[in-house]
Peer 1: 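Below is one structure. I have some questions about it.
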Amino acid sequence: MLDQIHLLAAVTVLGVLEQAYFFLQVIYARRLFGISPPKTSGPPEFERIFRAQVNSSEYFPIFLALLWQAGLFFHQGLAAALGLLYLYARYSYFMGYRASSSERLAPIYFSTGVLWILIAASALGILHFFLSHYMGLNVLQLLTA
């Protein structure tokens with residue numbers, strides 16, 4: 001069983017570490033700019049770091065759900081590769097947003113595209129499962145016949 005989920009687990013751990021890194025960057029920015037919690041406003045440099053972290057945190061549960069669904073129902077290797085691409089895009093987004101709000105755009109569009117591919121893989125995998133399990137239809141066999 002573990003050989004069917006080890007790649008997904010590894011990408012999940014990397015994602016958690018990335019989120020921790022983003023959280024630490026907000027803590028460092030708070031110290032640098034003298035902004036104590038619960039304040040969330042300050043110089044634009046702080047606000048960009050804070051927003052990048054919050055935006056990344058908001059999407060993380062969506063990413064995890066899609067990563068695991070695509071990996072379990074479609075293909076673990078593809079889902080893990082897409083997960084790594086997503087994490088790289090999110091890192092690029094964070095660093096871009098930190099530098100300038102306009103530099104966040106290309107990475108956010110790319111990461112959104114990766115999420116859409118994970119949605120498609122999840123939906124196809126789940127559809128294939130339902131068709132084969134409940135209706136006895138093997139779509140892959142029908143396509144190759």
Side-chain angles (χ1 to χ4, degrees), residues 1-30 35 37-145:
M1 160 90 179
L2 292 179
D3 62 328
Q4 297 173 358
I5 62 170
H6 67 285
L7 296 175
L8 302 175
V11 172
T12 299
V13 170
L14 286 174
V16 169
L17 291 173
E18 182 177 69
Q19 290 297 307
Y21 173 76
F22 295 160
F23 291 139
L24 287 173
Q25 294 308 300
V26 172
I27 291 169
Y28 298 148
R30 283 187 180 281
I35 300 170
K39 284 184 170 181
T40 58
S41 61
E45 295 84 5
F46 169 76
E47 289 183 9
R48 287 195 309 268
I49 293 169
F50 181 77
R51 287 303 316 153
Q53 181 270 318
V54 169
N55 290 347
S56 295
S57 294
E58 290 169 346
Y59 276 88
F60 194 61
I62 296 167
F63 162 68
L64 285 180
L66 292 173
L67 172 74
W68 280 86
Q69 287 177 34
L72 293 174
F73 287 98
F74 193 80
H75 190 274
Q76 178 189 205
L78 175 66
L82 289 168
L84 290 175
L85 278 175
Y86 178 83
L87 294 177
Y88 174 75
R90 271 295 163 173
Y91 179 80
S92 298
Y93 165 81
F94 187 90
M95 293 310 200
Y97 206 169
R98 176 185 209 157
S100 162
S101 61
S102 62
E103 289 188 41
R104 78 190 195 291
L105 296 176
I108 196 68
Y109 294 145
F110 184 76
S111 66
T112 301
V114 173
L115 286 179
W116 279 109
I117 295 169
L118 284 170
I119 288 170
S122 297
L124 287 172
I126 292 168
L127 178 64
H128 177 263
F129 175 80
F130 281 133
L131 289 175
S132 64
H133 188 74
Y134 293 109
M135 301 183 79
L137 293 174
N138 189 333
V139 177
L140 297 176
Q141 216 173 34
L142 292 174
L143 291 174
T144 57

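Nothing here was measured: the structure is a model prediction, and the numbers come from that model.
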Peer 1: Where is the tightest heavy-atom contact between P43 and I35, given as atom of each residue plus distance?
Peer 2: CD-CD1, 3.6 Å

Peer 1: Under the rule for side-chain hydrogen bond (donor to acceptor under 3.5 Å, both in side chains), what residues qualify as partners of R98, not counting sequence neighbours?
Peer 2: Q25

Peer 1: Which residues satisfy the side-chain hydrogen bond (donor to acceptor under 3.5 Å, both in side chains) test with S102, sequence neighbours excluded?
Peer 2: S100

Peer 1: Within a reach of under 6.0 Å around OH of Y21, are more than 12 heavy atoms found that belong to other residues, nucleotides or ligands?
Peer 2: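 More than 12 heavy atoms, drawn from other residues, nucleotides or ligands, come within 6.0 Å of this atom.
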
Peer 1: Once the angle between the rings of F46 and F50 is folded into 0 to 90°, is it parallel (under 30°), tilted (30 to 60°) or perpendicular (over 60°)?
Peer 2: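 Judged by the thresholds at 30° and 60°, the geometry between F46 and F50 is parallel.
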
Peer 1: side-chain hydrogen bond (donor to acceptor under 3.5 Å, both in side chains): which pairs involve residues 113-127, sequence neighbours left out?
Peer 2: none

Peer 1: Who passes side-chain hydrogen bond (donor to acceptor under 3.5 Å, both in side chains) against E47, sequence neighbours left out?
Peer 2: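 Testing E47 for side-chain hydrogen bond (donor to acceptor under 3.5 Å, both in side chains), a comparison that skips the adjacent residues, returns none.
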
Peer 1: Do the side chain of R51 and the main chain of R48 share a donor and acceptor less than 3.5 angstrom apart?
Peer 2: no

Peer 1: Could you give the distance from NE2 (H128) to CG (N138), rounded to the nearest 0.5 Å?
Peer 2: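 That separation rounds to 4.5 Å.
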
Peer 1: Identify, with sequence neighbours excluded, every residue that meets ring pair (Phe, Tyr, Trp, His ring centres under 6.0 Å) alongside F129.
Peer 2: F73, H133

Peer 1: Once ring pair (Phe, Tyr, Trp, His ring centres under 6.0 Å) is applied, do any residues pair with F94, and if so which ones, sequence neighbours excluded?
Peer 2: F22

Peer 1: Suppose we screen for side chain to side chain contact (heavy atoms under 4.5 Å, CB included). Which residues come up paired with L14, at least two apart in sequence or across chains?
Peer 2: L84, L87

Peer 1: Specify the closest pair of heavy atoms between A89 and S111, including all atoms of both residues, with the distance to one decimal.
Peer 2: CB-CB, 3.7 Å

Peer 1: Can you list every side-chain hydrogen bond (donor to acceptor under 3.5 Å, both in side chains) pair that touches residues 57-72, not counting sequence neighbours?
Peer 2: T12-W68, Q19-S57, Q53-S57

Peer 1: Which residues pass the side chain to side chain contact (heavy atoms under 4.5 Å, CB included) test with L127, sequence neighbours left out?
Peer 2: L131

Peer 1: Taking the side chain as every heavy atom from C-beta outward, state whether L8 and V11 have any atom pair closer than 4.5 Å.
Peer 2: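 Not touching, per the 4.5 Å side-chain cut-off.
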
Peer 1: Within the 4.5 Å heavy-atom criterion, are L118 and F63 side-chain neighbours or not?
Peer 2: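 Answer yes - side chains close enough.
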
Peer 1: Could you tell me which residues satisfy side-chain hydrogen bond (donor to acceptor under 3.5 Å, both in side chains) with Y97, sequence neighbours excluded, listed by chain and number?
Peer 2: none

Peer 1: Looking at residues at least two apart in the chain, or sitting in another chain, which of them share a side chain to side chain contact (heavy atoms under 4.5 Å, CB included) with L7?
Peer 2: Q76, A80

Peer 1: Enumerate the side-chain hydrogen bond (donor to acceptor under 3.5 Å, both in side chains) contacts for residues 82-91, please, sequence neighbours excluded, ordered by first and then second residue.
Peer 2: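 As it turns out, the side-chain hydrogen bond (donor to acceptor under 3.5 Å, both in side chains) pairs with a partner in residues 82-91, which skip direct neighbours, are S56-R90, Y86-R90.
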
Peer 1: Closest heavy-atom contact between L115 and L66?
Peer 2: O-CD1, 3.9 Å

